[in-house]
Novice: 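Okay, here's the structure, questions in a sec.
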Amino acid sequence: MPAGKENKRILAVVTLNMDQVAGGAPIFFARSEEERERIAMYIAKTLDAMVHDLENGTCIIVRH
Amino acid sequence: MNEYLPTIIAGTLTGTVARLVMLHVDYRQYPGYPHGYVTHLSLGFIAAALGAVAVPAILKPDYTAVTFLALAATQFREVRSIERKTLEHLDEKELVKRGSDYIEGIARTFEARNYLVMLTSLLTSIAFQLGKAPAALLIGLLTIAFARSLMAGETIGDICEVVPARLWFKNTVLMVDDISIMTVGLKEMREKILRDGLAVLIIPKDPNARATIHDLGQRAAIAHTAAVIMGVKKDVDIPEFTPVARKNPDTGAVGLYIVPVEKDPEALLLAVKRTPVLESARSKPLKTEAGRLAGFGRRNKK
């Protein structure tokens, strides 16, 4: 939120749908909604980051 | 020297009292620490002494002594940078940042207050020299009252209407009325935000106010004030609870979202209303003809 230095980065991707995602950030595959929620929460807590849902089965974890 | 001693004492005393009075006003926007109190009171005393000595120096006549005042000005510019540095350091560890605009405003205020102290003691010592104690008392009280009124400043409550707003989710997007704030991915967090969160809508009363709350520094100051007064459930590992103020691009109204420790909507309204309008954010587009045309044109369209 502070103006000036914007330092947003996707730290990880958690997905139910492996063929939707590829690329730079670490990708975690989850078998169910609950598992995805849990993995995303653990990663976010570990990295002090925030979970955003792209509403297509994929969550991204972003440091703001 | 002796014959001028009462003049100097009168001036110095009034100036120091003026600083003390203005220090009280400070603490509305400044979580106090005792050493800060002592620092500013001592600097105020020095400023007062400098102002008071000027009159005897001229009467002596020792005109060059007045160059003292120039030295004082440099000294007080230093006050500003010290204050800025301290607050910036503190802000690094702050969960809800005060923001550089707010810090600059506070620092500038501290510098200006020392000049006001100098003015107070100068005027009082002139009055004492010309009319003795009664005149000094009168002028002293008047200048203190003037300095205080100058420092009171506007608040958000003066220029905007602040009303409670609805906090809801459009799928995973957190909304304050029709302003989108951020997306929240975790279901658990969404439920907690709906349970514990509060929202207000800050509606500018005129285009001047709209330009003021458009300023990001001003919005950071609002979020900071609300968080300090209401408490905030945010921690380093829960960025979801960061208070956020976003504007509606069409109307210029600003929605504030916060997860306070005490869920009290009334208190939140008061906290937002008492946020000072920052000097750096205040703008007056209505003072220009173009601004007036644009401002009223937009209103007519509605």
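Below, chains carry the letters A, B, ... as their sequence lines are ordered, and counting in each starts from 1. Values below: every heavy atom of this structure, side chains too, minus hydrogens, waters and symmetry copies.
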Novice: Quick check on B/K234: does its NZ atom have over 12 non-hydrogen neighbours (other residues, nucleotides or ligands) under 6.0 Å away?
Specialist: yes
Novice: Heavy-atom distance under 4.5 Å between the side chains of A/K45 and B/I238, does that happen here?
Specialist: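 Yes, at least one pair of side-chain atoms sits under 4.5 Å.
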Novice: Looking at every heavy atom in both B/P239 and A/A49, which two are closest together, and how far apart are they?
Specialist: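 Residues B/P239 and A/A49, closest heavy atoms: CG-O, 3.5 Å.
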Novice: What do you reckon, is CD1 of A/I10 surrounded by more than 12 foreign heavy atoms closer than 6.0 Å?
Specialist: no
Novice: Take atom OH in A/Y42; do more than 12 heavy atoms of anything else shown fall under 6.0 Å from it?
Specialist: no
Novice: Does B/E188 have more than 12 heavy atoms from other residues, nucleotides or ligands lying within 6.0 Å of its CD?
Specialist: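 At most 12 heavy atoms, drawn from other residues, nucleotides or ligands, come within 6.0 Å of this atom.
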Novice: Against B/L186, only a single residue in A/M50, A/M41, A/H52 fulfils side chain to side chain contact (heavy atoms under 4.5 Å, CB included); can you say which?
Specialist: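 Among the candidates, only A/M41 passes.
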Novice: Can you say whether A/E37 sits under 4.5 Å from chain B via the side chain, the backbone, both, or neither, judging by heavy atoms?
Specialist: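 Contact with chain B: backbone and side chain both.
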Novice: What's the spacing between A/L47 CG and B/D237 CG if we round to 0.5 Å?
Specialist: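 Reported value, rounded in 0.5 Å steps: 11.0 Å.
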Novice: Report, as yes or no, whether the 6.0 Å neighbourhood of atom CZ on A/R63 holds more than 12 heavy atoms from other residues, nucleotides or ligands.
Specialist: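 Counting other residues, nucleotides and ligands, CZ of A/R63 exceeds 12 neighbours.
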Novice: Between A/V51 and B/E240, what is the shortest heavy-atom contact and its length?
Specialist: N-OE2, 4.0 Å
Novice: Looking at B/D101, B/T183, B/V173, which has the largest count of heavy-atom pairs under 4.5 Å with chain A?
Specialist: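 Among the listed options, the one with the most contacts to chain A is B/T183.
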Novice: Are more than 12 heavy atoms, taken from residues, nucleotides or ligands other than A/Q20, located less than 6.0 Å from that residue's CD atom?
Specialist: yes
